[in-house]
Amino acid sequence: MKRTCGKTLTLTILAAILAGTVPAFAGDVIGQQVTVDKDRTESRLCGGYTTSGNASGNTLFVTGSASITSDEGAGGGYAENGEAIGNQVIFSSSGSHQIEVVFGGAGTKASENQVSITSGTVRGAQFIAGGYGDDVVDNQVSISGGKLENNMVMVGGYGSNRAQGNVVSVDEKADVPVLGLAGGYALKAESNQVSIGQDASVTAIAVGGGAGETVSHNLADVRGTVTGYLLGGGGTYGESAGVFGNVLNLNGAKLIPIQKDQALSMVKDTVGDGYEEDVNQILQLLKNPGETIQAAGGALYQGGNAQDNMVNLSGTMDLGKVNLYGWISPLDIVLDPSSISGNGPGDVHETNHSGNTLNVGYTAEMTTDKDGNASITGKGADWHGSKVQGIYNFDKIAFYNVDHSQPALTVTDTVSLPDNVTLDLDHFTPSSSPEDSVIQDDVLIDASGASTVKGLDKLYESGKDKYQQPVTRTYANGGVTVTGKDGLALSNDNKLYYGLHSLDAITYKTIDWKTDGTVLTLDVPASVATFRCTMEDLTTMMNNGINTLVFKTEKTSTTLNLSLLTEGYDADAKVKLHQCGSTVRLSVNGRGRRDLLIGR
C-alpha cells in the first residue's frame, strides 16, 4: 500500500485494496457472509463486493481461534461504484491478525457500517474505519475487548466530502493504542463522536470527536484513561477553517501525557516504511511533549473561526498535567509555527473567537430525536475540584455543581484569558446555606501559585456587579441571622471567590454559647455592620463565662462590658450596635448609650 500520510498523518484509503475473496458482482450484493474460523492468509478479504451496484448487509465474521494475515485489507462490504450500507466486520476470535486496513463498508457513500472487535489481536493496520466514501454517515467502530498493536489511525467514518453521525466507542476494559483517533473525518465533519468508557484506555497523539475543514457539533466523551498530547471536541486540518459547537466532555477521566518512546513504538511494525521518522519529526515540533496534555473544545490548524466550543468538567479528576483550552492553534502548542505553515509565522491566521466555554460541574451527551437529528445536550453534574496546569482561550467560564470544601480550580502555571471573557454563575449555588455552621467563601479559581496570570481581572469585572445580591442566612440552628450581600471578590494573590461581599447585620437569638475564654470577638470583614441581640442573649453569654464582647469591623473596634450593659434592663430589652467606618452607635431599646462604650 502506498504511504501518503506524511507529517500531518492524513488518512488515506485506496479503493483498490477492497476487492474480496467472494466473487465480484456487477449488481447489488446483499446479505452475504464470509466466516473465517481457521487461520487464513489472503491479499484481500471481503464479505461482499460489487463493481457497479450497492453492497448492503454483508459480513466478514472472524471467529474461533482463527488468525488473519492480509497485506491489503479486510472489509465487510465494498461497492466500487455504489453505496455501502449496513456492512460489518466482526472480530470475535482469539487469534492474532496482521491486516493493513480494516473497514466496515466502503463505496461512493457509506452508511451504517461497523467494525466490531471483542477479542483477539489486531496488529499493523494503517487505518481502522467503520465506513469510507465521499459521504460517510452513521458508521461505527466498536472496541470492547481484544488487543490492538501498532495501528496508525482509527476513525468511525472517513469521507472525502461529509462525515456525519459516525462513532468510535471504546468500552469495558479495552486498550486502544493508535497514533490518531476520531469519530469522523471529512471536509465537513458534523455530529461525530468518540466515547471512551470508564474502564477503557486509549493511547494516541491526538484524539478528537471530528476532524475536517469545517468541524461542528462533534463530541469527545472521555470517562476512562487517555494517554496523549492533544485531546479535543473537534479539530481542523486546513487553512481558514472553523470549529463550531464542538464539545470535550471530561467526566472522571485520567489524562496522561504521552511519552516520545510510546508514540514511536506504535509505528515500528505498521505496513510501510518511514512512519517512525515522520512521528519523530512531529514530536520535535511540539512544546513539552511528555510533560503536558492539551485538552481543547476546538483545535485549529492555522487559525480561522472558533465559536461555541466547550470543555466540560465533572466527577473527580487530577488535571495537574493538563492545559485546558477553549480553542487551540499552533501558536499555542508548536515551538515554531513556520514549521507548520511552511511560509513563516505571518502565514498563521488569526482566530476569530466567541462563545468558547469552560463548564465546571457540568456534563453533556449526544442525543438523537425521532427524525434522526443529533444534538449535544448538557446538565449540571458534581465536580470535586482539581489542580490544573493552565487555562487558556475561553470566552466564558461557567460554574455549576462544585464541591464547596475546596477550590473549584487551582491553576499551577498559567491563566491566559481574552479581554472579552465573561463569568457565568446563573446556575451556581453558593456554599453558605441554612445548614452551614460557618460563613465561608467559595473559591472559584485559585491562581495564587500560577507564574502567569492574564485576564482573571477581566473575568472578575464581568461578574462583579451582575452577581451581587441581598442574602439572609441563619446559623447555629437558627440562633444567628446574617443579612448582607453575596458577591465576587478578587484577592491580590489572584484568588477569585464568591461569598459574603458585604454585611449589614448579625442578629443573635438565645443560643448555647460555648467558649474557653472570657472574651467573645466578632470579626466582620466589612466597613459597615450591625450587631443586634436581646439582654437575654447577653445574660446567656455571661452564664457561659463571657464577660467582654468585642465587635470588630474593617475601620474600627468596639469593646463592651456585658455586666455593665445588662444592668437594670429586662430580658427582652433590645441591643443594637452599629458601626459605619470609624463611627460607632450603641442603643438599647432605641436610646443611645454611648456611655457604655469602653474607651469612647
Side-chain angles (χ1 to χ4, degrees), residues 10-11 13 54-56 75-77 79 82-88 103-116 127-142 153-170 180-195 206-221 232-238 241-249 297-301 304-310 364-378:
T10 303
L11 302 178
I13 300 178
N54 299 323
S56 304
E83 298 185 10
I85 307 166
N87 304 285
Q88 60 182 332
F103 61 94
T108 56
K109 178 180 180 181
S111 59
E112 301 180 5
N113 302 285
Q114 182 175 6
V115 173
S116 174
F127 71 84
I128 298 172
Y132 167 74
D134 295 334
D135 294 330
V136 286
V137 180
D138 297 336
N139 302 284
Q140 182 171 359
V141 174
S142 176
V153 176
M154 181 179 292
V155 60
Y158 180 99
S160 58
N161 180 41
R162 178 172 66 105
Q164 180 175 330
N166 303 285
V167 176
V168 172
S169 62
V170 185
L181 187 149
Y185 184 101
L187 288 175
K188 181 178 181 180
E190 180 180 3
S191 300
N192 302 286
Q193 180 176 357
V194 166
S195 175
V207 177
E213 287 197 2
T214 301
V215 183
S216 62
H217 304 99
N218 301 281
L219 171 65
D221 184 26
T236 65
Y237 56 73
V243 282
F244 309 94
N246 302 286
V247 176
L248 172 60
N249 207 55
L300 292 166
Y301 177 61
N305 296 305
Q307 297 175 3
D308 301 324
N309 302 287
M310 295 183 183
E365 62 180 354
M366 185 87 74
T367 59
T368 305
D369 64 20
K370 62 180 181 179
D371 298 321
N373 299 313
S375 62
I376 300 174
T377 58

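The shown structure was predicted, so the numbers you read here are calculated from the model rather than taken from an experiment. Nothing fancy with the numbering, it's 1 onward along the sequence.
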Query - Pair Tyr237 + Tyr185: ring centers closer than 6.0 Å - result: yes
Specify the closest pair of heavy atoms between [X] and [Y], including all atoms of both residues, with the distance to one decimal.
{"X": "Asn87", "Y": "Ala55", "result": "ND2-O, 3.0 Å"}
{"X": "Met366", "Y": "His217", "result": "CE-O, 3.8 Å"}
{"X": "Ala84", "Y": "Gly107", "result": "CB-N, 4.0 Å"}
{"X": "Ala186", "Y": "Ala163", "result": "CB-N, 3.5 Å"}
{"X": "Ala189", "Y": "Gly184", "result": "CB-O, 4.1 Å"}

Query raised in the report: Asn139 and Asn113: side-chain donor and acceptor closer than 3.5 Å?
Result: yes
Quick one: does [X]'s side chain have a donor or acceptor within less than 3.5 Å of a partner on [Y]'s backbone?
{"X": "Asn54", "Y": "Glu83", "answer": "yes"}
{"X": "Asn305", "Y": "Phe244", "answer": "no"}
{"X": "Asn192", "Y": "Asn166", "answer": "yes"}
{"X": "Asn218", "Y": "Gly183", "answer": "no"}
{"X": "Asp371", "Y": "Asn373", "answer": "no"}

Separation between [atom1] of [X] and [atom2] of [Y], rounded to the nearest 0.5 Å:
{"X": "Asn309", "Y": "Leu300", "atom1": "CG", "atom2": "CG", "answer": "8.0 Å"}
{"X": "Gln164", "Y": "Ser111", "atom1": "CD", "atom2": "OG", "answer": "11.5 Å"}
{"X": "Asn161", "Y": "Asp134", "atom1": "CG", "atom2": "CG", "answer": "6.5 Å"}
{"X": "Leu219", "Y": "Ser195", "atom1": "CG", "atom2": "OG", "answer": "8.0 Å"}

With the side chain counted from C-beta on, respond yes when [X] and [Y] share a heavy-atom pair under 4.5 Å apart, and no when they do not.
{"X": "Leu187", "Y": "Arg162", "answer": "no"}
{"X": "Glu365", "Y": "Thr377", "answer": "yes"}
{"X": "Val155", "Y": "Phe127", "answer": "no"}
{"X": "Thr236", "Y": "Glu213", "answer": "no"}
{"X": "Ser142", "Y": "Gln114", "answer": "yes"}

**Report entry** Partner set under side chain to side chain donor-acceptor pair (under 3.5 Å) for Glu190, not counting sequence neighbours
**Finding:**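 Glu190: no side chain to side chain donor-acceptor pair (under 3.5 Å) contacts found.
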Query raised in the report: What pairs with Asp221 under side chain to side chain donor-acceptor pair (under 3.5 Å), at least two apart in sequence or on another chain?
Result: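 Scan of Asp221 (side chain to side chain donor-acceptor pair (under 3.5 Å), adjacent residues dropped) gives Arg223, Asn249.
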**Report entry** Val115 and Gln140: CA distance, side-chain angles, deciding distance, side chain to side chain contact (heavy atoms under 4.5 Å, CB included) verdict
**Finding:** CA-CA 6 Å; Val115 173; Gln140 182 171 359; over 6 Å; no
